[in-house]
2 protein chains.
Amino acid sequence: MKISEVADRTGLSVTTIRYYEKSGLCAAIARGPDGKRRFSKNDLDWLTLLFSLRETGMPAAEMQDFAALYLKGSATIPERKARLAAHDRRLDERQAQLDRCKALLAYKLARYAEIMGELA
Amino acid sequence: MKISEVADRTGLSVTTIRYYEKSGLCAAIARGPDGKRRFSKNDLDWLTLLFSLRETGMPAAEMQDFAALYLKGSATIPERKARLAAHDRRLDERQAQLDRCKALLAYKLARYAEIMGELA
DNA sequence: CGCTTGACCTGAAGTGACTTCACGTCGGTA
DNA sequence: TACCGACGTGAAGTCACTTCAGGTCAAGCG
């Protein structure tokens, strides 16, 4: 699969994918005879996961750790499972942030509506 | 109110608060005779809102715009209301991201559990 | 009383995660 | 033949802070 296709499917940009490869967030991608990257299904799945983790606020350092575990092979699966579980808990905190912000926005919007009513 | 107190209450760091003042995300803060910042209730409320908006992913440029409107006074309330409403819609998208990530994590965790079972 | 400690101040430089730039290669297509 | 768009590279730029270097001042203490 070509890099542009992977970008479309994962949500990462082409340059970010190259950056991820260079910085070790994913394994070196296989190259075709023309020197261009050819992504496997595994590569795609991995990048899709990375996108989702980044999008939901996994710290970069943690992503690096997690990637290092992935690159070490299946022996690290228990540890990886723990990391993902930890992120899952963080998602709950994120959820709470969203809820708090929603409540604050609801309050502010009501206040604004009130003020606009008085001015009208 | 002192800057350290505002930091504690809003969740922003002391340096971030100073940075926000310098970059126009909040109005110039009043100073005491000793030259130190003295925050009003309004300042605190405003910074609390900024923290919540930042935490939930409002783009920085948009925060700048929003702050500029705030600094222009109450005539901009309808516009500010629209901006907050837009952010509220973004929160729904954020919510969807969290849900998608949760689903992906649930899948991965189940897969890992399965693999660990096979190895055991 | 001098001395340290801690909270505050400032402008400037550093950081991290990308993004953009400048430039080059290659396989089509008009 | 000339140009296009997708791909490649290394280096420099950006953004939102954070850290650094250096200073003021009030309070506590041996």
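As a basis for the values below, the full set of heavy atoms in this structure was taken, side chains included, without hydrogen atoms, waters or symmetry mates. Every value quoted in this text rests on a predicted model; they were computed, and no experiment measured them. To find a chain, count down the sequence lines: A is the first, B the second, and so on, and within it residues start at 1.
We find the CG-SG distance between A/L104 and A/C101 to be 6.0 Å, quoted to the nearest 0.5 Å.
For B/I3 and C/dC9, the CD1 to C1' distance is 10 Å, given to the nearest whole Å. Between the CZ atom of B/R37 and the C1' atom of C/dA7 there is a distance of 13 Å, rounded to whole Å.
Electrostatic pairing of A/R89 and A/E93 does not count as a salt bridge here, judged by no charged N lying under 4.0 Å from a carboxylate O.
Taking the centre of each ring, A/F39 and A/W46 stay at or above the 6.0 Å mark.
Under a 3.5 Å cut-off, the side chain of A/T10 and the backbone N or O of A/T48 do not form any donor-acceptor pair.
When heavy atoms are screened at a 4.0 angstrom cut-off, A/R31 is found touching the sugar-phosphate backbone but no base atom.
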(request) Kindly determine whether B/K108 and A/D45 satisfy salt bridge (Lys or Arg N to Asp or Glu O under 4.0 Å), including the steps that lead there. (result) CA-CA 11 Å; B/K108 287 278 175 189; A/D45 286 350; 5.6 Å; no
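Judged as a side chain to side chain donor-acceptor pair (under 3.5 Å), the pairs with a partner in residues 50-61 of chain B (not counting sequence neighbours) are, in order, A/Q97-B/E55, B/T56-B/H87. Evaluation of the salt bridge (charged side-chain N to carboxylate O under 4.0 Å, His left out) test over residues 57-73 of chain A, restricted to residues two or more places apart or in two chains, returns A/E62-A/R90, A/D65-A/R83.
B/L69 and B/L25 fall into different hydrophobic clusters, where Ile, Leu, Val, Met, Phe, Trp and Tyr are joined by side-chain heavy atoms under 4.5 Å apart, directly or via other members.
Contact between the side-chain N/O atoms of B/S13 and the OP1/OP2 oxygens of D/dC17 is not found at any separation under 4.0 Å.
The local environment of CZ in B/R100 is crowded, with over 12 non-hydrogen atoms from other residues, nucleotides or ligands closer than 6.0 Å.
The residue from A/R31, A/K36, A/R38 that alone fulfils the side chain to side chain donor-acceptor pair (under 3.5 Å) condition with A/D34 is A/R38.
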For residues 112-120 of chain B, run the donor-acceptor check on the side chains, cut-off 3.5 Å, and write out each pair with its distance to 0.1 Å, sequence neighbours left out.
| unit_1 | atom_1 | unit_2 | atom_2 | d |
| --- | --- | --- | --- | --- |
| B/Y112 | OH | A/R80 | NH1 | 3.3 |

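Contact check of residues 45-63 of chain B against DNA chain D (heavy atom, cut-off under 4.0 Å) returns B/R54, B/A60. Scanning residues 17-27 of chain A for heavy-atom distances under 4.0 Å to DNA chain C yields A/Y19, A/Y20.
The nucleotide whose nearest atom lies closest to any side-chain atom of B/K2 is, among C/dC18, C/dA7, C/dT10, C/dA7. Closest contact between the side chain of B/T16 and the listed nucleotides D/dC17, C/dT19, D/dG8 involves D/dC17.
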Give me, pair by pair, the N or O atoms of the protein and of nucleotides 19-27 of chain D that are less than 3.5 Å apart, along with how far apart they are.
none

